[in-house]
Engineer: 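Handing you a structure now.
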2 protein chains.
Amino acid sequence: MGKPTNVTNSIRALRFSANEMTQAGLADRVDMTRQTIIAIEQGRYSPSLEVAFKIARVFNVPLDEVFHYPEESSSTATSAKK
Amino acid sequence: MGKPTNVTNSIRALRFSANEMTQAGLADRVDMTRQTIIAIEQGRYSPSLEVAFKIARVFNVPLDEVFHYPEESSSTATSAKK
DNA sequence: TCGGTATGTCAAAGATACCTGACATTGAGG
DNA sequence: CCTCAATGTCAGGTATCTTTGACATACCGA
């Protein structure tokens, strides 16, 4: 239902680099549920900033190595007003 | 009401550096309301990752120059489970 | 075959983030 | 004094994120 997010992430890759950490293991370290990790990993929605920071810290990388925001599609953008 | 967030930010400082941009002006550029900007600026809650990226992009700085996540206060930390 | 681990899905409910709209305050000018 | 721009607050609603709990699938080893 919700709009799929624009933000992408590399969580799955990072998990495997980090000693094959499981989703449940990650969920545990950031103190959230397994389902939430799955949803974020699949890009179903973008997490809160706090959660994003926690995840990045588990892998010991800066936040923008985990989450990526695409370029503003230059076309007709940015002008929408009401 | 809500739990105050752990994340701090430098939005106010960045606004003044950026040609004295007003809150309303910033709200306009990231396509959200003035009230939301105020709330975020005051740290009443932490925005979604997408919003955070948009704000950082307005000021042309990386995300972690706008928002800061404090060190895990080493005290009783890291062991909490349920 | 059975048990356990890892991943994924769904529905319903709770908690936050975000919006709309109205109003109060301060400071700079006319 | 009056007005306007900028900041801030509050109440009430909508949208989105997060949790809980149940269940499905696949893989692996005993």
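None of these values were measured; they are calculated from a predicted model. Basis for what follows: all heavy atoms, side chains included, without hydrogens, waters or symmetry-related copies. Chain naming here is simple, since letters A, B, ... match the order of the sequence lines and numbering starts at 1 in each.
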Engineer: Could you pull out all residues at least two apart from A:Thr33 that satisfy side chain to side chain contact (heavy atoms under 4.5 Å, CB included)?
Structural biologist: A:Gln35, A:Thr36

Engineer: Do A:Thr5 and B:Glu50 pair up side chain to side chain, a donor and an acceptor below 3.5 Å, judged on atom types alone?
Structural biologist: yes

Engineer: Can you identify which nucleotide, out of D:dC17, D:dT19, C:dT9, has its nearest atom closest to the A:Gln42 side chain?
Structural biologist: C:dT9

Engineer: Among D:dT18, C:dT9, C:dC19, which nucleotide has an atom closest to any side-chain atom of B:Thr36?
Structural biologist: C:dC19

Engineer: Over all strands shown, is B:Ser48 touching base, sugar-phosphate only, or nothing at heavy-atom distances under 4.0 angstrom?
Structural biologist: sugar-phosphate

Engineer: Output the single nucleotide from C:dA17, D:dC17, C:dG8 whose closest atom is nearest the side chain of B:Tyr45.
Structural biologist: C:dA17

Engineer: Which heavy atom of A:Val30 sits nearest to which heavy atom of A:Met32, and what is that distance?
Structural biologist: CG2-CG, 3.2 Å

Engineer: Distances under 3.5 Å between protein N/O atoms and the N/O atoms of nucleotides 21-23 of chain D, please, pair by pair.
Structural biologist:
unit_1: D:dG21; atom_1: N7; unit_2: A:Gln35; atom_2: NE2; d: 3.3
unit_1: D:dG21; atom_1: O6; unit_2: A:Gln35; atom_2: NE2; d: 2.9

Engineer: Which heavy atom in B:Ile55 sits nearest to a heavy atom in B:Phe67, and how many Å separate them?
Structural biologist: CD1-CZ, 4.3 Å

Engineer: How close do A:Arg29 and A:Val58 get, counting heavy atoms only, and between which atoms?
Structural biologist: CD-CG1, 3.9 Å

Engineer: Between A:Ala24 and A:Arg34, what is the shortest heavy-atom contact and its length?
Structural biologist: CB-CD, 3.9 Å

Engineer: Can you name the nearest heavy-atom pair linking B:Glu41 to B:Asn9, along with the distance?
Structural biologist: O-ND2, 3.6 Å

Engineer: Can you name the closest pair of heavy atoms from A:Ala56 and A:Leu63 and give their distance?
Structural biologist: CB-CA, 3.9 Å

Engineer: What residues in residues 10-24 of chain B put a non-hydrogen atom under 4.0 Å from any atom of DNA chain D?
Structural biologist: B:Arg12, B:Arg15, B:Thr22, B:Gln23

